[in-house]
Amino acid sequence: MHWTDVTAQSLSHKGKKHIVSTGITPSGEFHIGHLREILTGDMIARAAQDAGLDVEFVFIIDSADPLRKVYDFLGPEYEQFVGNQLGAIPAPNEDGNPDWERFEKEGWTYANHFLEPFLKALNEIGVKPRLIDNLESYRNGRFAELSKIACDRAEDIRECIERISSRELPDDWFPWSPLNSKKGLDKVKVTGYEYPLVHWKDEYGETGSSDISKGEGKLPWRIDWPAKWGWIGVTCEAFGKDHGAAGGSYSTGREIVQLLGHEPPQPLVYEWISLKGQGAMSSSAGNTIGPIEALELVPPEILRLLIAKSKPNKAIEFDTGMGLVTLADEYERLAARDFDKELANEELSRRQRVQIEDAAGALRMASTVAGEKAQATAVTFRHLALLAQTKKNDEDVWSSLQSSGAIGTVTPELQDRLNRMRHWIHSRHFPAEMKIHILEQPNLEMLRLFDEDEKKILTNMTAAIEACDWDAQSIGASIPQAARDLDLSPRSAFKVAYAALMGAEKGPRLAPILAEMEKQEILALLRACLTSITE
RNA sequence: GGGCCUGUAGCUCAGUCAGGUAGAGCGUCGGACUUUUAAUCCGAUGGUCGCGGGUUCGAACCCCGUCAGGCCCGCCA
């Protein structure tokens with residue numbers, strides 16, 4: 001059974017109605033690590049739906065969280081906002097400084113700024129959650145009731161956090177962070193509590209009262225999270241391993257939510273995604289790849305497959321080079337399989353059966369539209385990479401594929417795939433080994449290994465190329481002919497051609513590539529090869 | 001210090017919850033086909049299941065210990 005179905009099954013034992021939740025703090029540029037959070041939740045929800053449950057998927061935007069520091073991508077003017085809530089401060093403009101105009105005219109906030117492109121990507125990936133803005137929820141009083149319980153039972157909650165996380169809370173700790181005189185959550189101490197007011201004093205010497213029913217502040221994270229489970233009614237949540245460790249916020253949360261009068265959701269801890277060879281993703285280290293950037297390279301279903309095929313507790317290394325080719329080709333292979341037929345085989349061992357089911361599940365989750373069966377495009381990533389490099393315009397790519405019978409009509413999916421492919425080829429991610437490269441100098445090492453027959457072929461071929469018209473068809477005919485004239489197999493002629501022109505054992509179809517190049521250059525290379533072997 | 005996750009074929013991983021002959025894909029090698037789309041098809045290759053003990057008729061799986069890597073215990077998914 002696929003991991004999403006295992007989770008769905010376990011949810012079904014608990015009841016019919018479920019809310020699967022995810023949440024992210026919009027503190028900076030989103031990256032594909034965040035995509036795992038969202039997609040893990042989305043896929044569980046889909047599996048639960050498939051299992052006949054009544055399920056809703058929500059995405060909580062943690063806009064009530066404060067700005068922690070002036071990040072590298074922010075200008076110095078943000079110093080004044082450290083400690084202020086992300087949903088209540090202006091977004092950065094191109095220079096990284098606050099865009100006051102949009103903030104005042106449209107209410108365009110820091111949180112909006114980073115969230116918008118991510119939501120766009122989500123839409124393309126086929127994720128359509130119900131959005132819950134955390135700051136707005138506080139302001140609308142959604143947290144009021146549970147915040148009251150938390151404040152009333154401050155000592156129980158303190159005990160819970162101290163016991164489970166084995167850390168000592170300061171004497172003046174209180175389960176409510178009021179906004180200070182500068183609308184910040186830092187540098188403020190709670191001095192008293194009479195519902196609904198939490199009295200405070202800040203480091204600027206100001207005092208005031210925060211109404212917990214109006215969102216004039218927020219619950220600290222370890223209480224904020226369980227309170228959300230409570231008022232939203234979350235029954236399942238996927239979260240990163242940082243929250244999942246013993247003593248972490250889930251283990252305190254599951255007890256605190258019960259103090260607040262609700263049941264904890266079913267947890268699912270997932271591992272992180274790293275960029276191959278670069279360690280964990282971190283915006284400050286600059287080794288991130290955003291969902292938008294990833295979507296420019298691969299279609300959304302392949303991005304979904306990346307998450308779907310790995311169980312959540314497995315770390316994923318996202319490889320934007322050759323790994324992408326393997327991943328994309330794996331998708332094509334999966335899409336071409338007939339799982340029902342495979343599973344009908346009575347002789348399968350339990351293991352084989354499980355593997356087929358997992359593959360089928362991964363493909364089902366990869367589709368951007370729930371329930372829609374994936375279509376194989378019959379064109380592998382490799383193949384398309386090749387064609388996209390050798391054919392300058394799209395028409396030629398399609399006619400090549402059509403003449404070989406690989407495709408019929410050009411579907412929007414194919415066009416879309418080709419557009420992304422061209423993007424990838426021109427990006428910094430495109431791997432060197434996929435690049436088509438015609439030598440400039442003979443590869444002496446390979447030429448030295450030529451036997452007598454091969455030398456003769458090379459002589460013939462040079463002459464044939466020189467004589468032929470410079471178009472793909474003529475070139476394509478002259479190469480094998482060079483061997484035929486000697487009663488040798490066409491195969492050996494191609495072997496010679498690859499060695500001489502590309503310094504390789506084998507390679508892509510040569511003729512169309514050569515036709516794109518200058519005849520004189522190719523001839524010069526062949527002649528140089530000839531000279532080297534006759535010495 | 002306390003805890004969590006991971007360790008299985010060259011690579012990526014299933015299989016561990018319910019113990020019953022070690023399994024996929026990729027790669028590699030071989031063959032077939034071919035005026036060769038790094039293609040496709042067929043076949044083969046490949047593992048002291050990190051290590052040591054225990055329980056059991058039987059352990060990759062359960063228990064104890066141990067090593068290695070990653071992570072958490074001050075809101076980084």
Side-chain angles (χ1 to χ4, degrees), chain A residues 6 10 22-25 27-28 30-38 40 62 64-66 68 164-169 177 185 218-225 238-252 269-274 279-284 309-317 319 323 325-327 329-330 333-334 349-352 354-359 379-380 382-387 390 400-401 403-404 406 433-434 436 473 475-481 483-484 489-491 493-495 497-498 502 504-513:
Chain A
V6 174
S10 122
T22 57
I24 299 174
T25 304
S27 54
F30 283 69
H31 51 67
I32 53 165
H34 295 109
L35 213 49
R36 188 170 202 177
E37 161 96 14
I38 297 289
T40 303
D62 284 320
D65 291 358
R68 300 262 160 234
I164 296 172
S165 71
S166 63
R167 64 186 249 240
E168 212 170 306
L169 295 172
S177 304
L185 292 161
K218 77 182 281 280
L219 295 164
W221 164 247
R222 279 181 186 258
I223 307 155
D224 173 85
W225 200 19
F239 46 86
K241 61 177 174 178
D242 48 332
H243 295 313
S249 45
Y250 181 76
S251 47
T252 51
V269 179
Y270 62 86
E271 255 285 353
W272 289 21
I273 296 184
S274 59
M281 239 169 269
S282 147
S283 305
S284 54
K309 74 179 194 132
S310 292
K311 297 214 294 187
N313 62 4
K314 291 284 179 186
I316 294 177
E317 270 203 354
D319 177 1
V325 180
T326 315
L327 180 67
D329 286 351
E330 183 178 352
R333 269 195 309 278
L334 283 174
S349 71
R350 181 170 157 250
R351 253 170 223 177
Q352 290 170 318
V354 166
Q355 270 177 336
I356 296 171
E357 283 173 0
D358 271 354
V379 185
T380 65
R382 265 200 165 74
H383 189 171
L384 194 61
L386 190 76
L387 291 174
T390 54
S400 161
L401 286 166
S403 67
S404 69
E433 59 181 297
M434 290 288 290
I436 290 174
Q473 203 181 355
I475 300 169
S478 11
I479 295 173
Q481 197 57 40
R484 282 229 179 71
S489 76
R491 186 184 215 167
F494 283 106
K495 195 180 161 214
Y498 288 123
M502 301 182 79
E505 289 277 332
K506 49 185 178 175
R509 185 172 215 170
L510 270 174
I513 301 168

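Below, chains carry the letters A, B, ... as their sequence lines are ordered, and counting in each starts from 1.
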Measuring from A/D62:CG to A/D224:CG, what's the distance to the nearest 0.5 Å? 6.5 Å
Which residues pass the salt bridge (charged side-chain N to carboxylate O under 4.0 Å, His left out) test with A/D65, sequence neighbours left out? A/K218
Return the set of residues passing ring-ring contact (aromatic ring centres under 6.0 Å, His included) with A/Y498 (not counting sequence neighbours), or none when no residue passes. none
Taking only residues two or more places apart in sequence, or in another chain, which ones meet A/D242 in a salt bridge (charged side-chain N to carboxylate O under 4.0 Å, His left out)? none
Would you mind classifying the nucleic acid contact of A/F30 as base, sugar-phosphate or nothing, using non-hydrogen atoms under 4.0 angstrom? nothing
What pairs with A/E271 under salt bridge (charged side-chain N to carboxylate O under 4.0 Å, His left out), at least two apart in sequence or on another chain? A/K241
Using Watson-Crick and G-U wobble pairs with both distances under 3.5 Å, what is the 5'-to-3' dot-bracket string of RNA chain B, with [ ] for crossing pairs and | for pairs outside the strand? ((((((((.[[[[.)....(..]]]].(((((.......))))).....[[[[[..)....]]]]])))))))....
Sorted by chain and residue number, the side-chain contact (heavy atoms from CB on, under 4.5 Å) partners of A/Q355 (sequence neighbours excluded) come out as none
State whether the distance check finds a donor on one side and an acceptor on the other, under 3.5 Å, for side chain A/R68 versus base B/C76. no
Would you call A/W272 stacked on B/A77, i.e. ring centres under 5.5 Å apart with the planes less than 30° off parallel? yes
Among all residues two or more places apart in sequence or in another chain, which pass the side-chain contact (heavy atoms from CB on, under 4.5 Å) test with A/D358? A/H2, A/V354
Do any N or O atoms of the protein come closer than 3.5 Å to N or O atoms of nucleotides 5-7 of chain B, and which pairs are they?
unit_1	atom_1	unit_2	atom_2	d
B/U6	OP1	A/N313	ND2	3.0
B/U6	O3'	A/K314	NZ	3.3
B/G7	OP1	A/K314	NZ	3.1

Protein-nucleotides 38-46 of chain B N/O pairs under 3.5 Å:
unit_1	atom_1	unit_2	atom_2	d
B/A38	O2'	A/R382	NE	3.4

Looking for any heavy atom pair under 4.0 Å, which part of the strands does A/I356 touch: base, sugar-phosphate only, or nothing? nothing
Residues at least two apart in sequence or cross-chain that pass ring-ring contact (aromatic ring centres under 6.0 Å, His included) with A/Y270, listed by chain then number, are none
A/K309 side chain N/O closer than 4.0 Å to the phosphate oxygens (OP1, OP2) of B/G25? no
Across all chains, not counting sequence neighbours, the salt bridge (charged side-chain N to carboxylate O under 4.0 Å, His left out) partners of A/R382 are A/D329
Comparing A/A477 with A/V6, nearest RNA chain B nucleotide closer to 5' gives the residue A/V6
Output all residues satisfying side-chain contact (heavy atoms from CB on, under 4.5 Å) with A/A483, sequence neighbours left out; order by chain, then residue number. A/I457, A/L488, A/S492, A/A493
